[in-house]
2 protein chains.
Amino acid sequence: MQRTEDTPPRPPAVSVPGRPCSAAAALQLVGEKWSLLVVRELLFGVRRFDALARNTGAPRDRLTARLRSLEEAGIISRRAYQERPARYEYHLTEAGQDLAPVLFALFSWGDKWLFDEPPAVLDHRGPDGREHRMPLGHPPVCPTCEEPVSMQDVVPRRTGGDPG
Amino acid sequence: MQRTEDTPPRPPAVSVPGRPCSAAAALQLVGEKWSLLVVRELLFGVRRFDALARNTGAPRDRLTARLRSLEEAGIISRRAYQERPARYEYHLTEAGQDLAPVLFALFSWGDKWLFDEPPAVLDHRGPDGREHRMPLGHPPVCPTCEEPVSMQDVVPRRTGGDPG
DNA sequence: TCTTGTGGGTTTGATTTTCAAACTATTGAC
DNA sequence: GTCAATAGTTTGAAAATCAAACCCACAAGA
């Protein structure tokens, strides 16, 4: 299936087994091994195949497969940065950049539960150009009632569509 | 390896290939297929094997394997709720409950990019006991400089440990 | 007593994924 | 003419996944 030049990359429709759920649908596109690590590297600005392989640790053939499926999912785009010899680099689409909160949440959880001292910290470059440590891991707050959200108090409700 | 009654369930140490990173470490524990969907169901209060199998869509043998590895990872605990016949239910540990933000981020991304109308919405039961729709998907804001965070402006820095 | 149902799994055998390592192809630099 | 760099592909073996069938202890109903 060839994507024409002018088709805006947008994730395709997915169907999920079990409970109808956006998170499950999301995981169908980014839940395979290495996929989110590839997104992490692209978020950090890494662009080239070899660097992606080194920084993720993914086997090269798996990396190739993931890059293809992420591209098909509209999460990354591949573009040549030179011809002869053909060389490519990978970029996140807008949908791909929007995965940053997922990575932040994983960073935060890993920092809290898996390490006494985090193996790496994130610095944020603010609008003044200066960098400062970026703390992660503020618990989610319901923007409506402004209470911290415990999932105990969250109930999923189906919207339209076929009944289960 | 038997876990004694008094050992508090805490995720074990993990090592990751590629870039040293808490997110990668987190994915080693919850990145296998079905794991995060199991956590989702437990967050929703589903407790029993059969219901977990139905609601996630996981094959029963995979579900068994995931429940065991999540337990070993200190993310869930298994307890008998009756003997004769032995019947079990599954609960999230504190570490497991802390995965809620990861699921929220996936919900949010899926809602935004994969559906015109979300297949399910989350309602929040506030402290007054009344329920209201819970909007997801506010972009992350740096708590230090209070700017919305673009990952373009985030740089990972290694902390102590062996140099790469 | 015999059957059916429920809960929580195992087992089976086939398919699919993953893996590390070796290999290829194109080109520029020395 | 040899070397290195980039972006993969190929190979053959190991591991993970799958649907479906099976199992066991018990309870309820006929």
Side-chain angles (χ1 to χ4, degrees), chain A residues 2 14-19 24 27-39 41-42 45-73 76-92, chain B residues 2-3 14-19 24 27-39 41-42 44-73 76-92:
Chain A
Q2 204 85 320
V14 288
S15 78
V16 298
R19 188 197 291 274
L27 284 170
Q28 291 222 330
L29 300 184
V30 299
E32 293 159 305
K33 200 168 180 182
W34 307 116
S35 289
L36 280 174
L37 296 189
V38 169
V39 172
E41 289 305 310
L42 295 175
V46 173
R47 301 263 164 268
R48 308 260 235 269
F49 187 92
D50 271 32
L52 292 172
R54 257 195 317 281
N55 293 355
T56 60
R60 304 168 74 77
D61 64 331
R62 289 302 88 204
L63 178 57
T64 301
R66 287 306 163 265
L67 290 169
R68 296 298 170 270
S69 64
L70 287 171
E71 189 182 10
E72 197 165 346
I76 70 177
S77 69
R78 179 193 198 238
R79 51 172 97 128
Y81 65 89
Q82 68 171 41
E83 308 167 324
R84 257 189 316 290
R87 292 282 178 271
Y88 303 95
E89 58 184 17
Y90 296 90
H91 289 259
L92 290 169
Chain B
Q2 204 86 318
R3 189 193 297 285
V14 288
S15 78
V16 299
R19 187 196 292 275
L27 285 170
Q28 292 221 328
L29 299 184
V30 298
E32 294 158 305
K33 201 168 180 182
W34 307 116
S35 289
L36 280 174
L37 296 189
V38 169
V39 172
E41 290 305 309
L42 295 175
F44 283 149
V46 173
R47 301 263 164 266
R48 307 261 234 272
F49 187 92
D50 272 29
L52 293 173
R54 256 195 317 280
N55 292 355
T56 59
R60 302 167 73 78
D61 65 332
R62 289 303 88 205
L63 179 57
T64 301
R66 287 305 163 267
L67 290 169
R68 296 298 170 270
S69 64
L70 286 172
E71 189 183 11
E72 197 166 345
I76 70 177
S77 69
R78 177 192 199 240
R79 52 172 97 128
Y81 65 90
Q82 68 172 42
E83 310 167 323
R84 256 188 320 288
R87 293 282 179 271
Y88 303 97
E89 58 184 16
Y90 296 91
H91 289 260
L92 290 169

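Keep in mind the model is a prediction, meaning the values are calculated, not measured.
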Legend entry - Cationic tip of A/Arg48 above A/Tyr81 ring, under 6.0 Å, 45° of axis: yes

Inset, instruction - Check whether any side-chain nitrogen or oxygen of A/Arg62 sits under 4.0 Å from OP1 or OP2 of C/dA20, and answer yes or no. - result: no

Legend entry - Rounded distance (Å) that lies between atom P of D/dG8 and atom CZ of A/Arg66: 15 Å

Inset, instruction - Would you classify B/Phe49 as touching base, sugar-phosphate or nothing, given that sugar-phosphate means primed atoms plus P, OP1 and OP2, and contacts are heavy atoms under 4.0 Å? - result: base

Inset, instruction - Answer yes or no: side-chain N or O of A/Arg48 and base N or O of D/dT6 forming a donor-acceptor pair under 3.5 Å. - result: no

Legend entry - A/Gln28 (side chain) donor-acceptor with A/Gly31 (main chain) under 3.5 angstrom: no

Inset, instruction - Nearest-nucleotide wise, let me know which of A/Pro85 and A/Glu32 is further upstream toward the 5' end of DNA chain C. - result: A/Glu32

Legend entry - Closest listed nucleotide, where the reference is the side chain of B/Tyr88 and the choices are D/dC26, D/dA19, C/dG8: C/dG8

Legend entry - Nearest non-hydrogen partners of A/Arg79 and A/His91, listed with the distance: NH1-NE2, 3.0 Å

Legend entry - Phosphate contact (C/dG8 OP1 or OP2) by B/Tyr81 side-chain N/O below 4.0 Å: yes

Inset, instruction - In whole angstrom, give the distance that lies between atom CG of A/Asp61 and atom P of C/dC23. - result: 16 Å

Inset, instruction - Return the nearest nucleotide to the side chain of B/Lys33; candidates are D/dT11, D/dT17, C/dG9. - result: D/dT17

Inset, instruction - Tell me which nucleotide among C/dC19, C/dG9, D/dC26 gets nearest to the side chain of B/Arg84. - result: D/dC26

Inset, instruction - For B/Arg68 and C/dT10, give me the distance from atom CZ to atom C1', rounded to whole Å. - result: 11 Å

Inset, instruction - Examine the side chains of B/Tyr90 and B/Arg47 and answer whether a donor and an acceptor come within less than 3.5 Å of each other. - result: no

Inset, instruction - Using only heavy-atom distances, decide whether a donor-acceptor pair under 3.5 angstrom links the side-chain of A/Arg60 to the base of D/dG8. - result: yes

Inset, instruction - Write down the distance between CG (A/Asp50) and P (D/dT9), rounded to a whole number of angstrom. - result: 13 Å

Inset, instruction - Starting from P on C/dA25, measure out to CD on A/Glu83 and report it in whole angstrom. - result: 21 Å

Inset, instruction - Side chain of B/Arg87 only, please: which of C/dT6, C/dG9, D/dT6 is the nearest? - result: C/dT6

Inset, instruction - Report the distance from atom CG of A/Asn55 to atom P of D/dA7, rounded to the nearest whole Å. - result: 13 Å

Inset, instruction - Measure from CD1 on B/Ile76 to P on C/dG8 and round the result to the nearest Å. - result: 13 Å

Inset, instruction - Identify the heavy atoms of A/Gly57 and A/Trp34 that sit nearest to each other, and give their distance. - result: O-CH2, 3.7 Å

Inset, instruction - Provide, to the nearest angstrom, the distance between the CH2 atom belonging to A/Trp34 and the C1' atom belonging to D/dA16. - result: 15 Å

